[in-house]
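The structure under discussion appears below in the form of structure tokens.
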Amino acid sequence: MHGYDHKRIEKKWQKVWQQQRQYEAKDASPKKKFYALIEFPYPSGEGLHVGHPRPYIGMDIIARKRRMEGYNVLYPIGWDAFGLPTENYAVKTGIHPALVTKRNTKNFKRQIQMLAISFDWSREINTTDPSYYKWTQWMFLLFFKKGLAYKKKMPINWCLSCRIGLANEEVVDGTCERCGGETERREKEQWMLAITKYADRLDKDLDMVDYPSRIKAQQRNWIGKSNGSLIKFSIFNFQFSKKEEKIEEVEVFTTRPDTLFGVTYLVLSPEHPVLKNIESRISNLEEVRKYQNEAKRKTEIERTGGEKEKTGVELKGIKAINPANQDEIPIWIADYVLSDYGTGAIMAVPAHDVRDFQFISGKGLPLIEVIDTTTFKLGPISTGKGWPYTGTGKLINSGEFSGMDSEEAKKKITEFVGGKIVTTYKLRDWVFSRQRYWGEPIPVIHCERCGTVPVPEKDLPVKLPEVKNYAPTDTGESPLAAIESWVNVKCPKCKGPARRETDTMPNWAGSSWYYIAYCISENLKSQLPISKQFPSSKIQKKLKHWLPVDWYNGGMEHTTLHLLYSRFWHKFLYDCGLVPTLEPYAKRTSHGLILAEGGEKMSKSKGNVVNPDAVVKSYGADSLRVYEMFMGPFEQAISWNTDSLIGSRRFLERVWKVGFRIKDLGFKKKEISSPEPQSAPLTALLHHTIKKVGEDIELLKFNTALSSLMILLNAFEREASVSLSMYKTFLKLLAPFAPHMAEEVWANLGSRKSIHLEPWPAYEEKALTDTPVTIIAQVNGKTRGSFETSRGRSKEELGAATLALPSVKKWLDGKEVRDVIVVQDRLVNVVVS
RNA sequence: GCCGAGGUGACGGAAUUGGUAGACGUACGAGACUUAAAAUCUCGAGACCGUAAGGUCGUGUGGGUUCGAUUCCCACCCUCGGCACCA
């Protein structure tokens, strides 16, 4: 018998599978389809680290199981290759990002292929490929033509010394990551996609998909649908504390119009547009200006977060009037109010809102209770005890509305002051511009006469030109702006002089529709116009076959951006009649990150990255696969530990040995004539394992599936003889986890056909229930003994058997038996006193 | 701060979703094999008291519900993910 030589085996079978095109999906097949999807990787220069393949292996196990269950499986992969790291590398080295991408992709592909993930490589796509981004650009123009892409002034991070725009990630504590200099937020015209138009459907349609509740909850909270009222407050000029003429109106959004009588001040965001109109009336304008400038420096998290005291400046010389009771109330600006949520202005009710309550401390602002808290345990807030009461209840101190319930008062008070009941969303429109090189050029042309003109379809793709310098320009424009020959074009409409848009797209663009691209990958390269191709029956037939994605696994960190963006993109395409389903992904799950040994995130800068190359070389791909699935719950983050890996390798070596033991004993012949009898407990264990592995895979509980395979193998080793058919069943269950090992042993046992094309084993219910059960005997909830018996014994029998146990009896001495609680087939608890 | 997830032996984790806490694996200890080491195989092991039989305690902390709580409820502490230009 020769030993388990992973190098020989793995190379051999990878070649065979590739030659037989075993994992390529068929666009037309009588089998039921299954579309498995993982988030396609960003091919970074550091190469694959051991964290990357975790989700690929997990979905691979599911895909392999589905094939064995008779499905036509599509499990594709590609490259999400636009992005900052490659661009920054290009800025540093001057090497073209396309070359860097090519190099990185090649390395990633080699590394992924050595793990034998059953990807359909014939459908490989790359977002940076002009034949791919031609479609991305075409879809952008569709958004533009439908009025969902527009330009708007938005703040960007600006480094004052580098004089370039920065990504949020490049700003650390308000300073530039590159030079350490100060940054500020500066307004710039940006392309936007109107995702908020789809906010309601993105929220509501979560009901139709199978996502874990934590993902639905995060998306719903991100969309932040809330029902409330818009209420107008008049602003008056005040001279020497005397009310003069009305100068403006400010509309606030509130979810709690029932607390309107408790408003003690108004807060505007420091950027609120009304400030410009009234600044001549503000007596402390200088102080206000200073505060506005400080707010510019802060990030949103700094503004809304932190335990620090909430800051603000009162606008002196003006006051607002509470429309409910005509009270004169002060107006403040404060950075805890954001300009792009609601109306950028709030009515503050410190008695019933946590942030408002925090804000008044030290500022001498009053608090008026308008919800009756005396009926609760809390006690009245005015006594200074505890937090503000943010719940609903009966109104007090609210004029004619006192005594009314919050819910009714919301409507009535809004009506009373002439307000409007509205629905708002926290979700903001999608900033779609980047002033960067390595992204899809936004395909529009700016003409002095015709305005913004889309690039005609025949001129797509708008390819990225060669540039010398990849860094953004010091005017904040993309490096593309410096290429005069590329920028200056004729207007497609009037043929007059015009300039190309120089912004590029974020890399969420290409990843918003890549799962569609896999279905039609061969069509992407066609020279036919997309507007003819996409709606054609040829493509629609494929999309109808494959969509929606049946199971999409990805990182929890993509829940609110990528996952939401692509759902939006898909719904838009659906509205255009281009895709057949309302939702792109029928089911979504997520995996936990693999962290470095210390529990930190793996990163090049920390120098704690574990490369799979070395692991595969010394332990083999199957060992790595088994370890990554065994190391802990798939959905949770977990630290890498090379020491533990040996257990997975040992497991596979023992599988190998048992295989050879069986073969040497000559079971092969016996199996053909008749199945050998096996011990009943082993048969029961086998069927239990079939059930457990099958169910665990569906629940992503790969760790316990492997654990049960290990338990079965341990039993095989203890048993004097194990039948070939039993062992073969074990191999089939192992095949999705360790495809090379399973295939090699399978072939050694005399099979010609691949084990991965075998049917998935089924278990017999009878074999499971034939086994005896252990009944736990407790006295007052403490375990005092146990006994074995057959399944299905009556409560009386079990109770009597328990009371007869000597280990139980001794605890009953001098006590009175009050109750005997029996849990069928499991436990008896004797209650005594 | 807000939203989401989590906290169990030396370590990764398991526990049929309210019913024997610690499966499986790593590391560790003892033994077998070996001239020896490695590898492999067998056995042991939550903590404390006890020679043992056995007992007490034990799932981040404090309280509650229950015959019975890692699991349910309340309060608190800590760790991780996201917060819109990293992907």
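Labels below follow one simple rule: chain letters A, B, ... track the order of the sequence lines, proteins then strands, and each chain is numbered from 1.
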What's A/Lys701 touching, base or sugar-phosphate or nothing? Going by heavy atoms closer than 4.0 Å. sugar-phosphate
Is the ring pair A/His591/A/Phe634 parallel, tilted or perpendicular, if the boundaries are 30 and 60 degrees? tilted
What string of B, S and - do you get for nucleotides 52-58 of chain B, 5' to 3', if B is base contact, S is sugar-phosphate-only contact and - is no contact with any protein heavy atom under 4.0 Å? --SSSS-
Looking at A/Gln636 and B/G13, is any side-chain donor or acceptor paired with a base atom of the opposite kind under 3.5 Å? no
Pairwise N/O distances under 3.5 Å, protein to nucleotides 85-87 of chain B:
from: B/C85; atom 1: O4'; to: A/Arg434; atom 2: NE; distance (Å): 3.2
from: B/C85; atom 1: O4'; to: A/Arg434; atom 2: NH2; distance (Å): 3.3
from: B/C85; atom 1: O3'; to: A/Asn168; atom 2: N; distance (Å): 3.3
from: B/C85; atom 1: O2'; to: A/Asn168; atom 2: N; distance (Å): 2.2
from: B/C85; atom 1: O2'; to: A/Asn168; atom 2: OD1; distance (Å): 3.4
from: B/C85; atom 1: N4; to: A/Gln190; atom 2: NE2; distance (Å): 2.4
from: B/C85; atom 1: N4; to: A/Gln435; atom 2: OE1; distance (Å): 3.3
from: B/C86; atom 1: OP2; to: A/Glu169; atom 2: N; distance (Å): 2.7
from: B/C86; atom 1: O4'; to: A/Glu169; atom 2: OE1; distance (Å): 3.0
from: B/A87; atom 1: OP1; to: A/Leu84; atom 2: N; distance (Å): 3.2
from: B/A87; atom 1: OP2; to: A/Asn507; atom 2: OD1; distance (Å): 3.4
from: B/A87; atom 1: O5'; to: A/Asn507; atom 2: OD1; distance (Å): 3.2
from: B/A87; atom 1: O5'; to: A/Asn507; atom 2: ND2; distance (Å): 3.1
from: B/A87; atom 1: O3'; to: A/Asp80; atom 2: OD2; distance (Å): 2.8
from: B/A87; atom 1: O3'; to: A/Asn507; atom 2: ND2; distance (Å): 2.9
from: B/A87; atom 1: N3; to: A/His558; atom 2: NE2; distance (Å): 3.4

d(CD, A/Gln218; P, B/G81) in whole Å: 13 Å
Between protein and nucleic acid, restricted to nucleotides 19-23 of chain B and to nitrogen or oxygen atoms under 3.5 Å apart, what atom pairs and distances do you find?
from: B/G19; atom 1: N2; to: A/Gln778; atom 2: OE1; distance (Å): 3.3
from: B/G19; atom 1: N2; to: A/Asn829; atom 2: ND2; distance (Å): 3.4

Gap in Å between the two P atoms, one belonging to B/G1 and one to B/U8, rounded: 23 Å
Judged by nearest nucleotide, the residue sitting upstream toward the 5' end of RNA chain B, A/Asn714 or A/Asn780, is A/Asn714
Below 4.0 angstrom from OP1 or OP2 of B/G25, is there any side-chain N or O of A/Asn641? no
Side chains of A/Tyr336 and A/Asp356, donor plus acceptor under 3.5 Å: yes
Where each residue is assigned the nucleotide of RNA chain B containing its nearest heavy atom, which of A/Ile215 and A/Leu595 is assigned the position nearer the 5′ end? A/Ile215
Excluding sequence neighbours, so at least two apart, what forms salt bridge (charged side-chain N to carboxylate O under 4.0 Å, His left out) with A/Arg567? A/Glu583
Mind checking which stems touch RNA chain B? I mean at least 3 consecutive Watson-Crick or G-U pairs, both distances under 3.5 Å. B:1-7 with B:77-83, B:10-12 with B:24-26, B:28-32 with B:40-44, B:46-49 with B:54-57, B:60-64 with B:72-76
N/O contacts under 3.5 Å, protein versus nucleotides 40-49 of chain B?
from: B/U40; atom 1: OP1; to: A/Arg650; atom 2: NE; distance (Å): 3.3

Does A/Ile638 reach a base, just sugar-phosphate, or nothing at all? Heavy atoms under 4.0 Å. sugar-phosphate
For the residue pair A/Thr771 and A/Pro681, establish whether any side-chain heavy-atom pair is separated by less than 4.5 Å. no
